[in-house]
Amino acid sequence: MLQRTFVMIKPDAIARSLMGEIVSRIEKKGLRISAMKMMQIPRSLAERHYAEHAGKRFYEPLLKYITSGPVVAMIVEGDDAVAAVRLLVGKTDPKEASPGTVRFDLAMQVGRNIIHASDKPETAEREIALFFKNDEIVK
Ligand code: DAT
Ligand code: MG
């Protein structure tokens, strides 16, 4: 089923010059990028994006991490795009992710796992609405 998902390249990936590598993996898989922008996330947007994690012990470090430098936000489209991108990204903790995934191949720690991808189609739509206006998305 044609679907869209929200992907964000996190600040340490930008700092480590891994943006191109990550975008390349998404493109090579055959997914399409229908919106993309570099931005510095204000704390208020980070709080809304990660609202489900409010109160957890990693919440404050997570907000600090995600607002520590520019990110690249994207909408990625394709057949079952949500699951496809989650598989390409790998498990949350790079120590548990499989070789060949972005998180295993390019990251070491759960608190620096370099990429975000929506976990469900409904989450994807919620996150896309937080980050993009309709006129920023190509048809
Ligand atoms: P995912 O990003 O795979 O959807 P999540 O939604 O459970 O994972 O958590 C959001 C982010 O919070 C995750 O990318 C990294 C951080 N995080 C999650 N669990 C953590 C933990 N146990 N310790 C430190 N950071 C954690
Ligand atoms: Mg999540």
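Side chains included, hydrogens not; waters and symmetry mates left out as well; all remaining heavy atoms used. Counting starts at 1 for both ligands and their atoms, in listed order. As the structure is a computational prediction, the values presented were derived from the model and not from experiment.
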| query | Does Asp93 pair with Arg103 as a salt bridge, N-O distance under 4.0 Å? | reply |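 The answer is no: the pair does not qualify as a salt bridge.
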| Does a salt bridge link Glu60 with Lys64, judged by any charged N lying under 4.0 Å from a carboxylate O? |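 Answer for the salt bridge query: no.
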N or O contacts of ligand 1 with protein under 3.5 Å, please list pair by pair.
from: ligand 1; atom 1: 2 (O); to: Arg103; atom 2: NH2; distance (Å): 3.1
from: ligand 1; atom 1: 3 (O); to: Thr92; atom 2: OG1; distance (Å): 2.6
from: ligand 1; atom 1: 3 (O); to: Arg103; atom 2: NH1; distance (Å): 3.0
from: ligand 1; atom 1: 4 (O); to: Arg86; atom 2: NH1; distance (Å): 2.8
from: ligand 1; atom 1: 6 (O); to: His53; atom 2: NE2; distance (Å): 2.9
from: ligand 1; atom 1: 8 (O); to: Thr92; atom 2: OG1; distance (Å): 3.2
from: ligand 1; atom 1: 9 (O); to: His53; atom 2: NE2; distance (Å): 3.3
from: ligand 1; atom 1: 14 (O); to: Lys10; atom 2: NZ; distance (Å): 3.1
from: ligand 1; atom 1: 14 (O); to: Asn113; atom 2: ND2; distance (Å): 2.8

| field | Ring center gap for Tyr59 and Tyr50 short of 6.0 angstrom | value |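 Not under 6.0 Å, so no.
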| message | Consider side-chain contact (heavy atoms from CB on, under 4.5 Å). Of Val72, Ile66, Ile115, which one does Met8 pass it with? | response |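 Among Val72, Ile66, Ile115, the one that satisfies the side-chain contact (heavy atoms from CB on, under 4.5 Å) with Met8 is Ile66.
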| query | Under 6.0 Å from the CG atom of Asn134, do we count more than 12 heavy atoms belonging to anything else shown? | reply |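 No, not enclosed.
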| message | So for atom NZ, which belongs to Lys56, do other residues, nucleotides or ligands contribute more than 12 heavy atoms lying within a distance under 6.0 Å? | response |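 More than 12 heavy atoms, drawn from other residues, nucleotides or ligands, come within 6.0 Å of this atom.
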